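Written below as structure tokens is the structure these notes are about.
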Amino acid sequence: MNYTGITCSKGIGIGKVLKISDYNEIPNNYANYATELCKPNIEQSRFEEAISCYKERLELLSKSLDKSLGEKQGDIIRSHLVILDDEDMLGQIYKLIDTGKSADESVYDVLNVYANIFEGSDDEVIRERSTDVLDIQSGLLRILSGKDQVYSIEPDTVLVGRNILPSFLSEIDFSKITGIISGYGNETSHTAILAKSMGIPMISGAYKVYDAVSDGDMIIVDAINQEAVTNPSEEQIDKYRLLNEQIKSQEKELYAYKNIETVTADGRKINLFCNLSGKVSAKDFEDCGAEGVGLYRTEMLFMNSDKMPSEDEQFEAYRALAELAGEKLVVIRTLDAGGDKSISYLHFPKEDNPFLGVRAIRYCLKETEVFKTQIKAVLRASYYGKVSILLPMITCIGEILSAKEIIGECKDELKVNGILFDEKIKIGCMIETPSAAILAEEIAKEVDFISIGTNDLIQYTMCADRGNGMVSYLYSPFQPAVIRLIGNICRAGKSAGIPVEICGEAAANEVILPLLIGLGLDTLSVSPSGILSLRRRVCSLNFEACKKMAGEVLKIYSEEEIFAYLSRFIETI
Ligand code: PEP
Ligand code: MG
């Protein structure tokens, strides 16, 4: 049977299904699913199973602590068991479940209320209970979310889930994964971005696949023709194997573009950088042909850990990257957590609209110790390479000024302690909100460079959730409003004399590429797998023709017409 989806990461994946729990985390996002998925009887039994599993663990743990460290320590865990038996609390959770909320959301909400009450007490002992409650909350949520579940991943596995989250993907051995099918998400969702950087074919929006398959079934992820094929015949498998080989041999032809300069046919130099996250091997970096790292997403470092990575741990990771890149530029983006990247130990507030809430720079300016720890680690790494700092999700000048002030304090602290760093380190900001795009001229005076994040810029300009397939018809880089904002940012960068790069997924779209170049962008940062084909395309363009064409496109005010115009333009190349 064939199921249609959206290609998130191109390629063909053949393997056996491993179903990933429906509820793999992020209570913040539960509102998106609640109406469709929550049946009180199902949620009640999920909750009861989670409680009994958690209690069993705590009992074992308390006994082992009795033995190893003494009964006093065991008592700490037993006090958690007492909280778990609190009838009033349990009653409130059941009540919320009865209203149609998921077990996860009910646990999250009720335990937050308890934690806040304890937190507000004048009595220190009672205040301490608030931490216990949050501990219990996170333990239960991990069990409910399936994150606690240990999946045994065999080679040639295709992950199938209703919503496979980036945090899940970042924790597993992805070398065994041949494909991903997720109900939720699109090309710019963070799971898709990760899949692309890992070279795993992925489609999303194929909602029905999850219910149609069982663990161990054969499945094909056709992320070329945007579909999933369940229980394929031998003949179909052979056909897809052949197609896969053809794709791989076409990729090999691109190697010819690995070591050549990226210049348009009429001589304009374009920098082709790559977007990275997590650990990167020297070989992968070398093989992708990037001229620098235009965006290093630091969130993965935080997601791969159960606790906040220390300054030293972060420093080691950033230094390794700086050294690996050598003379090439490395742009390290400060923590962009929140939205779909909730990190449990950072205790994000519960919000109805997490993408519009305490995300990225907003979180860092609120939790300044988390921010300072990261900034000091980046500064220290700057001594070992060519490192810049990038601030995400800026909406107003005040955020830049506050961030710069904190960076200044961090520099002072390092100086006092005699720690070396690049004193002239460049500070840039992402422009990924309409507000920042409108203020680009003023922003350009405050920073050393600008990086356009189209993944979010499209979402916030069009008011269309970047992962929601139902509004994907609006979520397009060809929208005239988005293009005009990009044009505005390029003009602002040019008049301030600072570099403007683009690091959203649109940079890898070969149809929009001539327009981006024509608007004046000379640095594109894309997934490593996209560098070589983009270089081939750039080398075939004529900058002057692109510039003239961009002037025409800025006058068009329909998305369809812009797309058609650009499609015709690339046919003439
Ligand atoms: C963007 O928004 O375009 C971007 C590069 O940031 P992220 O995808 O990590 O939100
Ligand atoms: Mg972004």
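Order of listing sets the numbers, starting from 1, for every ligand and every atom in it. Throughout, residue positions are numbered sequentially from 1 according to the sequence presented. Just so it is clear, the model here is predicted, and its values are computed rather than measured.
Between Thr461 and Gln479, the side chains place no donor N or O within less than 3.5 Å of an acceptor N or O (distance only, hydrogens not considered). Between the side chains of Ser382 and Asp422, not a single donor N or O lies within less than 3.5 Å of an accepting N or O. Side-chain atoms of Glu291 and Thr262 form a donor-acceptor pair, as typed in the model, at a separation below 3.5 Å. Side-chain atoms of Asp312 and Ser310 form no donor-acceptor pair, as typed in the model, at a separation below 3.5 Å. A side-chain donor from one of Asp465 and Tyr184 sits under 3.5 Å from a side-chain acceptor of the other. If you check the side chains of Glu501 and Ser451, you find a donor sitting under 3.5 Å from an acceptor. Counted by atom type alone, Glu559 and Ser476 present one or more donor-acceptor pairs between their side chains at under 3.5 Å. For the 3.5 Å distance criterion, the side chains of Tyr318 and Gln374 qualify, holding a donor opposite an acceptor.
Side-chain atoms of Asn468 come within 3.5 Å of backbone atoms of Met470 as a donor-acceptor pair (strictly under, hydrogens ignored). When atom types are taken as modelled, the side chain of Ser305 and the backbone of Met308 share no donor-acceptor pair closer than 3.5 angstrom.
Residue-ligand proximity, Gly453 to ligand 1, at heavy-atom distances under 4.0 Å covers atoms 1 (C), 2 (O), 3 (O). Atoms of ligand 1 found under 4.0 Å from any heavy atom of Ile193 (numbered from 1 in listed order, with element): 8 (O). Distances below 4.0 Å separate heavy atoms of Gly504 from the following atoms of ligand 1: 3 (O). Within the listing of ligand 1, atoms 5 (C) sit less than 4.0 angstrom from a heavy atom of Cys503. Ligand 1 places these atoms under 4.0 Å from at least one heavy atom of Asp456: 1 (C), 2 (O), 3 (O), 10 (O). Residue contact check: Leu295 has heavy atoms under 4.0 Å from atoms 5 (C) of ligand 1. The contact set between ligand 1 and Arg359, taken as ligand atoms under 4.0 Å from a residue heavy atom, comprises 10 (O).
In terms of heavy-atom proximity, Met549 sits nearest to Leu515 at CE-N, 3.6 Å. Residue Asn275 comes nearest to Pro528 through the heavy atom pair O-CD, 3.4 Å, listed as atom of the first residue, atom of the second, then distance.
Contacts between Leu457 and ligand 1 below 4.0 angstrom, taking non-hydrogen atoms only, are absent altogether. Counting heavy atoms closer than 4.0 Å to ligand 1, residue Asp336 contributes side-chain atoms (C-beta onward) but none from N, CA, C or O.
Under a cutoff of 6.0 Å and an axis angle of 45°, Arg380 and Phe421 do not form a cation-pi pair.
The protein heavy-atom contact nearest to atom 5 (C) of ligand 1 is Arg297 NH2, 3.4 Å. For atom 7 (P) of ligand 1, the closest non-hydrogen atom of the protein is His190 NE2, 3.3 Å. The closest protein non-hydrogen atom to atom 6 (O) of ligand 1 is Arg333 NH1, 2.9 Å.
Remark: among candidates Glu432, Glu505, Arg466, Met393, the nearest residue to atom 10 (O) of ligand 1 is Arg466, based on non-hydrogen atoms.
Listing protein N, O or S atoms at distances below 2.8 Å from the Mg ion (ligand 2), with waters left out, gives Glu432 OE1, Asp456 OD2.
Using a non-hydrogen distance threshold of 4.0 Å, Met430 registers as a contact of ligand 1.
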